[in-house]
Protein chains: 2
Amino acid sequence: MELYIKEVAEKVGLPAHTLRYYEQEGLLPLIKRDVNGNRIYDESDLLWLEVIVCLRKTDIPLSELRVVVELTKEGNNTAAKRKQIFEKHKEKLMEKQRDLDSAFQKIETKIEFYDELEKKYHNEIENMSLKV
Amino acid sequence: MELYIKEVAEKVGLPAHTLRYYEQEGLLPLIKRDVNGNRIYDESDLLWLEVIVCLRKTDIPLSELRVVVELTKEGNNTAAKRKQIFEKHKEKLMEKQRDLDSAFQKIETKIEFYDELEKKYHNEIENMSLKV
DNA sequence: ATAATCCTTAAAGTTGACTTTAAGGCAAGG
DNA sequence: CCTTGCCTTAAAGTCAACTTTAAGGATTAT
């Protein structure tokens, strides 16, 4: 499978210049080129990009993704280190989960409060009209 | 209850200058001052700050918090609008939840992959030693 | 052949949310 | 009286992650 940058952009949901930017920042392994120097992405590039996109949505820093790429280039003896990076991010995810849960609670309380406030306000208006 | 900035900073887990910054950005209602011009926070300030801190952890923009403060100043007839802002953020939270779930899955897959890779690598090393 | 549409690189600009710096006032303790 | 540590304001600086701009080359469509 061979894809040009625009198709990849489409598939992974990133603008093409962000793909170039990621490459420049060392987040992608060496990307092949065609005779005109245009980037050609293969299946494995796409799979890795999908990991990037998914983890970026939970704010993994580009720097950590870069390190994973560097370690991968170093070889299979770096598996443990790479795993560590993901374990570390998993910890972050668990914290995010807790923050999310608290926020859900807080926001529900607020919404209920505003429902009450609205009710009271409408009642006031109604009473005012009755008094006229 | 009356608290000075340092105590509030301590309680809500923000540096004092961030509290001043938030005030400057219109995220806090009018904060009282003592004779020397130092800020004095009361219970309701603290409660609102706790909402801010909680929702900021899920990346609610300062601008939306500012709007809530402005609407609150306008009066009880703005309850519906304020509620809307929180409903909107709740939608964002639900999206974050989905992103978080996907990331957990992806990361588990990666971790399992690295476990396998490590096993294989150790086996290779072992076989190599046996052959010597 | 000329315009449209892709691609390329390099570099500068933007964004939101702080964070730091600078310059200084007030009050308690030694 | 002087230092220490709190507080004040205003303004400039920082950061990550893009995003935009500029300048230009190659391919395809009319």
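By convention in this document, chain letters (A, B, ...) are assigned in the order of the sequence lines, proteins followed by strands, and residues within each chain are numbered from 1. None of these values were measured; they are calculated from a predicted model.
Spacing between atom CG of A/Leu55 and atom C1' of D/dA17 amounts to 16 Å, rounded to whole angstrom units. Per the geometry, CG belonging to A/Asp59 stands 9 Å off P belonging to D/dA17, to the nearest Å. The distance from atom CD1 of A/Ile31 to atom P of C/dT9 is 12 Å, rounded to the nearest whole Å. Taking atom OH of residue A/Tyr41 and atom P of nucleotide C/dT8, one finds them 7 Å apart after rounding to whole Å. Between the NZ atom of A/Lys57 and the C1' atom of D/dC18 there is a distance of 16 Å, rounded to whole Å. Atom-to-atom, CG of B/Asn38 to P of D/dC7 comes out at 7 Å; the value is rounded to the nearest Å. A straight line from CD of A/Glu25 to P of C/dA10 spans 13 Å, rounded to a whole angstrom. The distance between atom CD1 of B/Ile40 and atom C1' of D/dC6, rounded to the nearest whole Å, is 14 Å.
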Can you check nucleotides 24-29 of chain D for protein contacts, nitrogen or oxygen pairs under 3.5 Å, and list what you find?
from	atom 1	to	atom 2	distance (Å)
D/dA26	O3'	A/Asn36	OD1	3.2
D/dT27	OP1	A/Asn36	OD1	3.1
D/dT27	OP1	A/Asn36	ND2	3.3

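If you check residues 89-97 of chain A against DNA chain D, you find no residue with a heavy atom closer than 4.0 Å. The stretch residues 3-24 of chain A comes close to DNA chain C through A/Ile5, A/Lys6, A/Arg20, each having a heavy atom under 4.0 Å from the strand.
Residues A/Gln97 and A/Asp101 have side chains that bring a donor and an acceptor to within less than 3.5 angstrom of each other.
The number of heavy-atom neighbours closer than 6.0 Å to CG of B/Leu47, taken from other residues, nucleotides and ligands shown, is above 12.
Between D/dC7 and B/Arg39, no contact under 4.0 Å exists linking OP1 or OP2 to a side-chain N or O. For the OP1/OP2 pair of D/dT9 and a distance below 4.0 Å, the side-chain nitrogens and oxygens of B/Arg33 include at least one atom meeting the criterion.
With respect to the salt-bridge test (charged N to carboxylate O, under 4.0 angstrom), the residues A/Glu23 and A/Arg33 qualify. The pair B/Asp34-B/Arg39 fails the salt-bridge criterion, with no side-chain N (NZ, NE, NH1 or NH2) lying under 4.0 Å from an Asp/Glu carboxylate O. With salt bridges taken as basic N to acidic carboxylate O contacts below 4.0 Å, one links A/Lys88 and A/Glu64. Between B/Lys11 and B/Glu50 there is no salt bridge, since no side-chain N of the basic residue sits under 4.0 Å from a carboxylate O of the acidic one. With salt bridges taken as basic N to acidic carboxylate O contacts below 4.0 Å, one links A/Asp59 and A/Lys96.
B/Trp48 places no side-chain N or O within donor-acceptor distance of the main-chain N or O of B/Glu43, the cut-off being under 3.5 Å.
Across every non-hydrogen atom of A/His89 and A/Leu55, the tightest pair is NE2-O, 4.1 Å.
Both the sub-6.0 Å distance and the 45° axial angle are not jointly satisfied by B/Lys6 relative to the ring of B/Tyr4. Cation-pi geometry between A/Lys110 and A/Phe113 is met: the NZ or CZ atom falls under 6.0 Å from the ring centre, inside 45° of the normal.
Checking A/Arg82, A/Lys81, A/Glu74 one by one against A/Thr78, the side-chain hydrogen bond (donor to acceptor under 3.5 Å, both in side chains) holds for a single residue, A/Arg82.
For B/Tyr22, there are no ring pair (Phe, Tyr, Trp, His ring centres under 6.0 Å) partners two or more places apart in sequence or in a different chain. Under the ring pair (Phe, Tyr, Trp, His ring centres under 6.0 Å) criterion, A/Phe104 pairs with no residue, sequence neighbours left out.
Using five terminal pairs a side, the axes of the helix from C/dA1-D/dT30 to C/dG30-D/dC1 at its two ends make an angle of 10°, given in steps of 10 degrees.
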